[in-house]
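Everything on this sheet refers to the single structure shown next.
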2 protein chains.
Amino acid sequence: MNRPMRTRRQATLASLAAELGVSRTTVSNAYNRPDQLSPELRRRVLETARRLGYPGPDPVARSLRTRKAGAVGLLLTENLSYAFRDPAAVGVLEGLALACEDAGVGLQLVPASPGREDVAAVHRAGVDGFVVYSVPDDDPHLAAVMSRPVPTVIIDQPQLDGIDRVGPDDAAATEQIADHLVGLGHRQVGVLCMRLARDRNDGFAPVDRQQEAHYHVQRTRLATLAKKFASVGVEWSAVPVVERFEHTVDDGASAARELLDANPHVTALICTSDILALGALAEAGRRGLRVPADITVTGFDGVAEATRAGLTTVHQPVLEKGKAAGKLLLSAGDRVAPKVITLPTELRVGTTSAPPRTAEERWFGP
Amino acid sequence: MNRPMRTRRQATLASLAAELGVSRTTVSNAYNRPDQLSPELRRRVLETARRLGYPGPDPVARSLRTRKAGAVGLLLTENLSYAFRDPAAVGVLEGLALACEDAGVGLQLVPASPGREDVAAVHRAGVDGFVVYSVPDDDPHLAAVMSRPVPTVIIDQPQLDGIDRVGPDDAAATEQIADHLVGLGHRQVGVLCMRLARDRNDGFAPVDRQQEAHYHVQRTRLATLAKKFASVGVEWSAVPVVERFEHTVDDGASAARELLDANPHVTALICTSDILALGALAEAGRRGLRVPADITVTGFDGVAEATRAGLTTVHQPVLEKGKAAGKLLLSAGDRVAPKVITLPTELRVGTTSAPPRTAEERWFGP
DNA sequence: GTGAAAGCGCTAACAT
DNA sequence: ATGTTAGCGCTTTCAC
């Protein structure tokens, strides 16, 4: 199994053909169309190839000629460490990888961290299409992807005219949660949300920042909450919304702390992701608040760990989302009109939501 | 942001040059070496490019010319669903992705499921090198990778002469666990291990199968256990070893069940992975066995979930493993002799290991 | 069943 | 600062 280190290929299809005294076509056929030449000749070709150390047709040259790279790119403008630690993201990745494997094409993670403004990697990626997963609408990498003449499908966000997209109906999903909370009687609520824009803002997010959010998913969820609560007389501009740039359980906890320190009378913490909610749960415990007796906490996504924790949340099928995106991309040639796939969501009421305590209960115990 | 659907590029560097009345070099320079031409001319080039819908130099053609694909391939001969559900594997993937991102190169998952004998995807992948993660030594995809004239580094297994490798010292790590168990006084032990070969065998693995295992990691761990326990008088051929093809918590549980049904007197369950150990823990609970009072359970890997469960295990730095592999691969040009990186492991004694109960205790309670 | 011709689209010496 | 030349290694009609 030993292998010499060489940086330059020594044998090519042409040199092999010369050595054998046959045409390049024949050698090419030996690899790509075995039925196009006699078994005996093919055997000879392959045998000579081994002797000369010819590793078979160069994939890049082949791709140039056939105009197929045999891979799709994945653009993920998130810190990889967070992406791989978020079960929802891992689920999407798994589904996408599955779809690619089924089709026998590679899945290439394109290097594009949020900080790096360098978009060259997108231009250099030898892929037949892109899947873009949850990036802000003003991301330069996204613009680079859009400038490439290959099919693209976007997962979750942003929503772009004429571009295939797969994602849940965020407004409807958020309504499910909001209705649940409103029904329970919550009026003094607080919100923990993910990054709203590319600039870092760990703290309260005023209404204008909410409305101008470059992450469509967060914008929609907040807007829907605002609408729902306004409809029962809650003045949204008075509702505390705490934003976190990073998406970790610890950030969820610190956000909850910040919110509760400033608004101790809040009866429900609405989180725009399970990860943040898990952190909120931890912080509630730390403060000696019982969930749901003293405070209600809800999440979003329905990841396994949240289910185990009994979190009230809206579940969305993340694996299916990745799979659907992959399939959509790989069948892009067959279509002409852009396609949007909306995935079903389901409210899962767990053990972290209940009616708010009354004022008396709050002072004198249940 | 709308974009026409076209499958064939309409403008090329050459046609753009013609339109502008300049040479192709100049256009190329406009993209790749801005300092090689006047800002004014460059502006004109880019402007005309936009007008003609020229998306910039074709990545594949550029790769052919420069002999750089700008991506590395990852060969993972495991069912993706299991790979993405194993925290250790996800950690490796993350580390590798991080290293690639740092270097600005893509990371391509090469489609190669265990079942699929089709090796073509390996030949078609336009990559500058491969990382191979934990595959059996007789895997046809591995052979295909080795036949390609690009640098390769292997994570964990197999060990191949002349090939870069990064992994823990499995023998030493296993000794740490074995010493711990032997020291506690365990002599009647059972083992739960992962797949030993490409053929499915969910059940007991006789000694010869253990010794002929195509997965070097499992082979080493079993051999080391055999040696250690033999040294204190335990007849290894009498030690039950249960193998599982799939690597899930449920499979760990069912393996534990199978083992304990046949060998109820076993005082310790040694698992060759945390995932299997987590399953064993669950099964112990189901049978009403207290851990560690009634039975000791140990794992291998030291993933976060195992730590949370208090599992006694050997920790290995999975993230660093992936990172190291990536760096090694990306610096392969600088070296001539193959390099092997051995990562440190650390015994982490948790709350799942204790001395075995004596015979009396077993009958009359503690 | 086999070969000749014609590029795929680009970059990198090396001139000028 | 810009152009000329010479391929990178391969596949694919289309003849024979």
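Side chains included, hydrogens not; waters and symmetry mates left out as well; all remaining heavy atoms used.
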Could you check whether B:D102 pairs with B:K327 (Lys NZ or Arg NE/NH1/NH2 to Asp/Glu carboxylate O, under 4.0 Å)?
no
How long is the line joining CZ of A:R67 and P of D:dT12, in whole Å?
13 Å
Is the shortest side-chain N to carboxylate O distance from A:R43 to A:E40 below 4.0 Å?
yes
Heavy-atom side-chain proximity of A:V60 to B:V60 below 4.5 angstrom:
yes
Taking CG from A:L20 and P from C:dG1, how many angstroms apart are they, rounded to a whole number?
18 Å
A:L328 and A:K339, any side-chain heavy atoms less than 4.5 Å apart
yes
When you get a sec, tell me which of D:dG3, C:dA5, D:dG9 is the closest nucleotide to the side chain of B:S23?
D:dG3
Grab the OH-P distance between B:Y54 and C:dG9 for me, whole Å please.
10 Å
Side chains of B:S81 and B:R85: donor-acceptor distance under 3.5 Å anywhere?
no
Here the distance between atom P of D:dC10 and atom CZ of B:R65, to the nearest Å, is 15 Å
Gap between atoms CG and C1', on A:D128 and C:dC8 respectively (whole Å)
15 Å
Given C:dA4, C:dG7, C:dC10, identify the nucleotide with an atom nearest to the side chain of A:R24.
C:dG7
Looking for any heavy atom pair under 4.0 Å, which part of the strands does B:V22 touch: base, sugar-phosphate only, or nothing?
sugar-phosphate
Listed in order of residue number, which residues of residues 28-40 of chain A have a non-hydrogen atom at under 4.0 Å from DNA chain C?
A:D35, A:Q36, A:L37, A:S38
Of A:A14 and B:L41, the one whose nearest nucleotide on DNA chain D sits closer to the 5' end is B:L41
For the side chain to side chain contact (heavy atoms under 4.5 Å, CB included) test, which of A:V132, A:L109, A:I155, A:V131 pairs with A:L75?
A:V132
Of the options A:Q157, A:Q159, A:H214, A:H216, which is the one that meets A:D137 in a side-chain hydrogen bond (donor to acceptor under 3.5 Å, both in side chains)?
A:H214
Tell me the interatomic distance from B:R62, atom CZ, to C:dA12, atom P, rounded to whole angstroms.
9 Å
Can you identify which nucleotide, out of D:dT12, C:dC10, C:dT2, has its nearest atom closest to the A:T26 side chain?
C:dT2
